[in-house]
Structures are given as C-alpha cells and as structure tokens.
Amino acid sequence: MQGILTQREKRSLFQRTGVIVAVAALAILGNAYGAFAMFHRFTHESTDDAFIDVHFVTVAPKIAVT
C-alpha cells in the first residue's frame, strides 16, 4: 500500500520525541556554557591589549679568561 501513510510517518520533524530531546539537551548545554562563560568573564581580568616593555641585560663576560 504505497499511498497510505501511517500516523507516525505524518508527524513533522519538531513533533518527534528524539528531536525534542536533542533540542532540549542542546539548549540546556548552551545555557550552562553561557552561564559559565559569563561567570568567568565577570571574575577574571582580561589582558588582550597588554604589551611587554623589555630591557635587555647582557649576562656574558666581556673579557675572555683562559
């Protein structure tokens, strides 16, 4: 019976249990990651625009000793 579709085949993608569970799990993981990232950003200092000022000092001797 090629033209007859069962009720299970007629359900749209967003009415399937597996899809609902997967989307809910991704939403929970996304919210958890976002909360962690926000908490980390509020409690840690960022140094993206920092630079290093270096003064070189020579440590090697200037005269040869034999």
Side-chain angles (χ1 to χ4, degrees):
M1 296 190 181
Q2 212 169 10
I4 300 174
L5 296 175
T6 64
Q7 183 64 25
R8 185 174 178 91
E9 293 172 335
K10 287 183 182 180
R11 294 190 342 183
S12 72
L13 182 65
F14 295 109
Q15 292 178 343
R16 296 179 184 170
T17 307
V19 174
I20 293 172
V21 169
V23 169
L26 287 174
I28 290 170
L29 288 174
N31 284 335
Y33 175 75
F36 173 75
M38 187 184 315
F39 177 75
H40 187 270
R41 183 171 291 272
F42 288 153
T43 58
H44 291 79
E45 187 68 31
S46 175
T47 58
D48 290 340
D49 58 349
F51 68 95
I52 298 174
D53 188 18
V54 178
H55 299 285
F56 290 102
V57 178
T58 305
V59 181
K62 293 187 179 192
I63 53 173
V65 178
T66 56

Test of understanding: with side chain to side chain contact (heavy atoms under 4.5 Å, CB included), list the residues that count as partners of T17, not counting sequence neighbours. R11, V21

Hits for side chain to side chain contact (heavy atoms under 4.5 Å, CB included) against E45, two or more places apart or cross-chain, chain-then-number order -> none

If we ignore hydrogens and angles and just use 3.5 Å, is the side chain of H40 paired with the main-chain N or O of F36 as donor and acceptor? no

Other members of the hydrophobic cluster containing M38, with the 4.5 Å side-chain heavy-atom rule, please. F42

